[in-house]
Amino acid sequence: GHFELFFDEEQERARGGADKEAREIRELLLGCCAAVLADATRGGFMAPADFKPTVLKLIKHIWENGRLDALPTDAALAAFETELREDLGKAAFALRSSIALENLECHKNLSTFLDKLAAWCAEKPDFADAPPDSAYLTRADLQSCLNIKSPAPSEEAEIAFELCKFAHGKIKENLARVRETKRILPYARLAAHLAAPFRDYLTEQGLLPSELTGELAREILNRELGPSEAYCRFGARLNHLLLDEFQDTSREQWRAIEPLAVECLAGGGDMVYVGDVKQAIYGWRGGDADLFHEIPQTPDIARIAGAAM
């Protein structure tokens, strides 16, 4: 489609250009190619033949939401991974030291696990591989991990055990998030770079992406710079607002129509929205079930409703 043509033009520009813009796009494209190859090396994953659909999806997200969440740098991700790994390494070392200093007799499998954990923490600080795991980390305390004839652990040893459990759990909690961030980051960077140029390209072609209709409707109905033509046309005629199949309404669409709802209610009119909350869980067209309960609580509508009671 149109994105294919636009993308091809950008590729050609990156391939043959020597200016700063061409070099930036070239670096971003190379990053995406590297990400595709990295995905291909992971077991059980079929690398996508084309990453353009992913980039287009992210561009649409930018159009609908105005931005992507702040994209982390490679250095920031590496620092985060290093911090988590070092915290676990320190916690594991403290636990091993407590066991040795207090002559505690732990189960052999726990000792083997702590050795593996120490080796993993000493490796290159990235999350290519998950840390070793053990059922001992689900135990309530260190005492339950010791042999019957072992001395009782001190409070410090029990604290070391809890800190090791916490540090290990923190890595497991963030592992999938970090991996997915690293996987999608090259595509997100390219999307952030192309979002505005692609929109300009469509404007030049006289095209309007459906993802921008909500934003444009909101701009038309926005009266910050004076009454819009839409308000002048509606005048006092907008007394009843009925929204059917509301479960398919996205937040962007609601933000577009909210000014009309406020205008209608402020003039003594009424608004009814009808839909099936259960169907909203499927997220057709970005439908959000939470809107059913949030709309009456929005500041302008809540103020009008409170004044009418």
Side-chain angles (χ1 to χ4, degrees), residues 3 6-7 10-11 13-14 20-48 50-92 117 120-133 163-200 211 215 250-252 283 286 288:
F3 183 67
F6 166 78
F7 194 87
E10 292 297 313
Q11 278 188 310
R13 192 167 117 192
K20 180 181 178 182
E21 178 71 12
R23 290 197 301 271
E24 288 181 359
I25 296 176
R26 188 158 54 241
E27 288 299 318
L28 292 170
L29 288 171
L30 289 173
C32 291
C33 292
V36 170
L37 291 175
D39 281 342
T41 61
R42 295 191 179 101
F45 182 86
M46 180 64 71
D50 189 356
F51 59 79
K52 289 195 288 293
T54 300
V55 175
L56 179 58
K57 184 177 180 180
L58 290 167
I59 287 176
K60 291 179 178 179
H61 176 87
I62 294 173
W63 285 347
E64 292 173 353
N65 298 277
R67 62 179 177 83
L68 281 173
D69 292 335
L71 299 177
T73 63
D74 293 332
L77 276 176
F80 180 64
E81 291 175 294
T82 298
E83 179 184 355
L84 291 179
R85 189 185 286 268
E86 288 180 349
D87 287 348
L88 179 56
K90 292 174 183 177
L117 204 57
W120 184 85
C121 291
E123 293 174 358
K124 183 180 178 181
D126 62 47
F127 288 173
D129 299 312
D133 206 349
L163 289 176
C164 189
K165 288 171 58 177
F166 176 79
H168 189 273
K170 195 172 181 181
I171 285 185
K172 289 181 65 178
E173 175 186 338
N174 287 280
L175 184 63
R177 187 178 308 148
V178 169
R179 284 177 172 174
E180 181 61 15
T181 298
K182 292 171 73 173
R183 189 189 73 81
I184 203 72
L185 191 55
Y187 310 131
R189 287 171 177 162
L190 181 59
H193 190 87
L194 296 180
F198 183 42
R199 181 174 178 174
D200 294 340
E211 291 77 19
E215 177 186 342
S250 68
R251 290 187 176 274
E252 178 69 17
D288 191 336

S.K.: Does the distance from a Lys or Arg side-chain N to an Asp or Glu carboxylate O, for Glu10 and Arg13, drop under 4.0 Å?
M.R.: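 A salt bridge links Glu10 with Arg13.
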S.K.: For a quick test of reading the model, state the closest non-hydrogen atom pair linking Cys164 to Leu88 and the distance between them.
M.R.: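 Looking at all heavy atoms of both residues, the shortest contact is O-CD1, 4.0 Å.
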S.K.: Is a side-chain N or O of Arg85 found less than 3.5 angstrom from the main chain of Ile171, in a donor-acceptor match?
M.R.: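 No, the answer is negative, given that no donor and acceptor are paired below the 3.5 Å cut-off.
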S.K.: CD of Gln11 to CZ of Phe6: how many Å apart, nearest 0.5 Å?
M.R.: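 Rounded to the nearest 0.5 Å, the CD-CZ separation comes to 11.0 Å.
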S.K.: So do the side chains of Phe166 and Asp87 get within less than 4.5 Å of each other, counting heavy atoms only?
M.R.: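 No, their side chains stay 4.5 Å or more apart.
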S.K.: Backbone N or O of Ala14 within a donor-acceptor pair of the Arg26 side chain at under 3.5 Å?
M.R.: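 Flag set: sc Arg26 to bb Ala14 pair under 3.5 Å.
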S.K.: Could you tell me whether the side chain of Arg189 reaches within less than 4.5 Å of the side chain of Glu24, counting heavy atoms only?
M.R.: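 Side chain of Glu24 against side chain of Arg189, heavy atoms only: no contact under 4.5 Å found.
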S.K.: Dump the intermediate steps for side-chain contact (heavy atoms from CB on, under 4.5 Å) on Leu194 and Phe7, then the final yes or no.
M.R.: CA-CA 9 Å; Leu194 296 180; Phe7 194 87; 4.2 Å; yes
S.K.: Roughly how far, to the nearest 0.5 Å, is CD1 of Ile59 from CZ of Phe198?
M.R.: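 It comes to 6.5 Å.
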S.K.: Considering only heavy atoms from C-beta outward, does the side chain of Ile184 approach that of Thr54 to under 4.5 Å?
M.R.: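 Contact flag for Ile184/Thr54 side chains = yes.
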S.K.: Report the distance from atom CG of Leu117 to atom NE2 of His168, rounding to the nearest 0.5 Å.
M.R.: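 The CG atom of Leu117 sits 5.5 Å away from the NE2 atom of His168.
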S.K.: Inspect the surroundings of NZ in Lys165 and state if more than 12 heavy atoms from other residues, nucleotides or ligands are less than 6.0 Å away.
M.R.: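 Above 12, so yes.
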